[in-house]
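Note on naming: letters A, B, ... go to the chains in the order of the sequence lines (proteins, then strands), and numbering restarts at 1 for each one. Values below: every heavy atom of this structure, side chains too, minus hydrogens, waters and symmetry copies. Just so it is clear, the structure is predicted and the values come from calculations on it, not from any experiment.
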Amino acid sequence: MNRVDVITSAFPILLEGLKVTLYIFVIAIILGFIIGLAVALLRLAPLKILNWVAKIYVDAIRGTPFIVQLFFIYFGINSLQIISLNNTTAGIITVAINAGAYFSEIIRAGIQSIDKGQTEAARSIGLTSVQSMRFVVLPQAFRRMLPTITNQSIISLKDTSLLSVIGIADLTQQGQIQASATFEAFKIWLIVGVIYFVVIYLLTILANFVERRFQLR
Amino acid sequence: MSIITVKNLKKSFGNVEVLKDINAEVQEKEVVCVIGPSGSGKSTFLRCLNRLEEISGGEVIINGHDITAPKVDINKVRQEVGMVFQQFNLFPHKTVLENITLGPIKIRATKKAEAEKLALELLDKVGLRAKANSYPGELSGGQKQRVAIARALAMNPKIMLFDEPTSALDPEMVGDVLEVMKQLAKEGMTMVVVTHEMGFAREVGDRVIFMDGGYIVEENEPNQLFGNPQHERTKAFLSKVL
């Protein structure tokens with residue numbers, strides 16, 4: 001095979017892998033965000049036991065490597081034979097739970113950065129605590145959180161490459177297959193790297209756009 | 001019957017007792033100004049009236065609602081009590097109009113068009129209709145405070161609480177805000193005003209309360225309290241600020 005052939009034959013396959021990567025990423029990041037928001041609110045709830053539950057979750061995730069979490073969920077939980085998770089589901093769950101812990105800290109810090117006077121003003125009008133959070137605190141907090149949320153999303157996107165070790169046919173897995181099939185490791189891994197880079201770059205542009213749209217006047 | 005009744009009110013932060021034993025009444029349409037040195041507990045007292053501070057002991061009855069009762073719907077009571085803060089606390093992510101319509105739309109389920117009509121009327125009243133679509137960040141301090149007053153009025157409250165409304169303002173902005181407050185007093189609004197503006201207290205107040213060290217030391221008509229204070233602490237305070 002000549003040089004051009006390697007790229008033209010491998011590229012569509014790598015793009016198939018990219019589809020899997022993006023599919024897992026999008027679902028996991030949305031789930032992760034919902035988990036993060038819920039955990040942040042638990043962390044700030046006026047009930048100690050809820051704060052603890054949230055803190056234990058965050059500490060457990062932050063204190064262990066991603067790959068261990070992945071093995072625990074895929075091999076560990078499946079070995080109990082209570083439920084059976086396929087590798088894609090296990091991958092999505094791991095990324096979501098992992099991102100959720102980091103998101104929750106970002107969201108908690110964002111909420112706490114909003115001046116107490118905002119809540120007081122909202123409550124003094126007669127809004128409930130949920131309404132104050134929803135209409136006054138969170139919209140302001142999200143604007144401040146956006147750069148850090150983008151950052152964590154990029155990290156999570158890159159974390160999905162580790163899912164290749166449980167046999168998910170993502171971009172990295174396809175890269176591995178192509179690299180060993182073609183003996184063109186240098187080119188294949190360069191292309192894989194460029195694809196990740198382009199996707200993340202586009203994500204950054206999108207994030208900047210969103211940030212500008214929501215900028216505080 | 002008084003619209004605000006405070007009996008044996010106590011408030012502690014940790015081990016620090018900020019309000020020791022406050023007894024006060026405010027009649028409907030009365031304007032009561034609360035003065036006193038910083039740390040005297042006057043802001044805390046005001047914040048207990050809509051339970052922005054949890055009350056440690058005693059009773060606070062607002063328009064017939066005992067707000068310390070366990071089953072009181074405090075959100076309902078707060079709708080009847082407008083509050084204006086020293087730091088304005090406008091919502092920076094919302095326009096002036098949205099700041100004012102948020103309460104009516106979300107709490108009263110007022111139609112948007114109707115809420116906006118009311119908001120514009122209130123903005124007329126505070127002289128800021130032209131700023132309806134501005135963001136708080138584009139306003140001066142005095143303008144912000146007038147919007148904050150309009151926001152509180154949008155819930156059509158029976159009582160307005162002012163927590164040092166002019167203390168964060170440049171001197172030339174103070175007049176506009178006080179003018180709006182005077183107008184409000186003239187229209188018969190019940191007002192409790194924590195203030196350092198002795199001129200305002202004297203001119204607009206029906207009664208002045210002097211607080212120090214967590215107690216009400218003295219209360220009287222403004223002319224009496226300023227002209228002929230009875231207590232040493234009142235005299236000492238007034239001699240410093242007048």
K.L.:
Tell me whether the count of non-hydrogen atoms from other residues, nucleotides or ligands lying under 6.0 Å of CZ in A:Phe197 goes above 12.
P.N.:
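Open.
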K.L.:
So for B:Lys94, is it side chain, backbone, both, or neither that comes closer than 4.5 Å to the heavy atoms of chain A?
P.N.:
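For B:Lys94, the side chain is the part near chain A, not the backbone.
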K.L.:
Would you say that more than 12 heavy atoms from the other residues, nucleotides or ligands in this model lie under 6.0 Å from the CD1 of A:Ile49, or not?
P.N.:
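Not more than 12 within 6.0 Å, no.
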K.L.:
What distance separates A:Ile125 CD1 from B:Met83 CE, expressed to the nearest 0.5 Å?
P.N.:
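Atom-to-atom, A:Ile125:CD1 and B:Met83:CE are 12.5 Å apart.
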K.L.:
Contact part of B:Gln79 toward chain A, heavy-atom cut-off under 4.5 Å: side chain, backbone, both or neither?
P.N.:
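Looking at B:Gln79, backbone and side chain both touch chain A.
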K.L.:
Can a donor-acceptor pair be found between the side chains of B:Asn75 and A:Arg123 at a distance below 3.5 Å?
P.N.:
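Indeed, the side chains of B:Asn75 and A:Arg123 share at least one donor-acceptor pair under 3.5 Å.
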K.L.:
Give me the atom names and distance for the closest heavy-atom approach of B:Pro92 to A:Gln118.
P.N.:
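Nearest pair, atom of B:Pro92 first, then A:Gln118: CD-OE1, 3.4 Å.
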K.L.:
Crowded around A:Phe11 CZ? As in, over 12 foreign heavy atoms under 6.0 Å?
P.N.:
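Atom CZ in A:Phe11 is not crowded, with 12 or fewer foreign heavy atoms closer than 6.0 Å.
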K.L.:
Tell me, side chain or backbone of B:Leu90 under 4.5 Å from chain A's heavy atoms, or both, or neither?
P.N.:
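For B:Leu90, the backbone is the part near chain A, not the side chain.
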K.L.:
Please look at B:Phe91 and chain A and tell me whether the side chain, the backbone, both or neither of the residue comes under 4.5 angstrom of a heavy atom of that chain.
P.N.:
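B:Phe91 touches chain A through backbone and side-chain heavy atoms alike.
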K.L.:
Can you tell me which portion of A:Gln131 sits under 4.5 Å from chain B's heavy atoms? Options are side chain, backbone, both or neither.
P.N.:
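Looking at A:Gln131, just its side chain touches chain B.
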K.L.:
Would you check if the side chain of B:His93 reaches a backbone N or O of A:Phe135 as a donor-acceptor pair within less than 3.5 Å?
P.N.:
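Judged by distance alone, yes, a pair lies under 3.5 Å.
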K.L.:
Any chance NZ of B:Lys7 has more than 12 other-residue heavy atoms, nucleotides or ligands included, within less than 6.0 Å?
P.N.:
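No, NZ of B:Lys7 has 12 or fewer neighbouring heavy atoms, counting only those of other groups under 6.0 Å.
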K.L.:
Do the side chains of B:Ile107 and A:Thr128 get nearer than 4.5 Å, heavy atoms only?
P.N.:
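Of all side-chain heavy-atom pairs linking B:Ile107 with A:Thr128, none is under 4.5 Å.
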K.L.:
Under a 4.5 Å cut-off applied to non-hydrogen side-chain atoms, are A:Leu127 and B:Lys106 in contact?
P.N.:
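They are in side-chain contact.
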K.L.:
For the pair B:Asn89 (side chain) and A:Ala121 (backbone), establish whether a donor and an acceptor sit closer than 3.5 Å, ignoring hydrogens and angles.
P.N.:
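Here the side-chain-to-backbone pair does not exist.
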K.L.:
Atom CZ in B:Arg51, atom OG in A:Ser124: separation rounded to 0.5 Å?
P.N.:
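If we round to the nearest 0.5 Å, B:Arg51:CZ and A:Ser124:OG are 14.0 Å apart.
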K.L.:
So for B:Arg151, is it side chain, backbone, both, or neither that comes closer than 4.5 Å to the heavy atoms of chain A?
P.N.:
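B:Arg151 touches chain A through side-chain heavy atoms alone.
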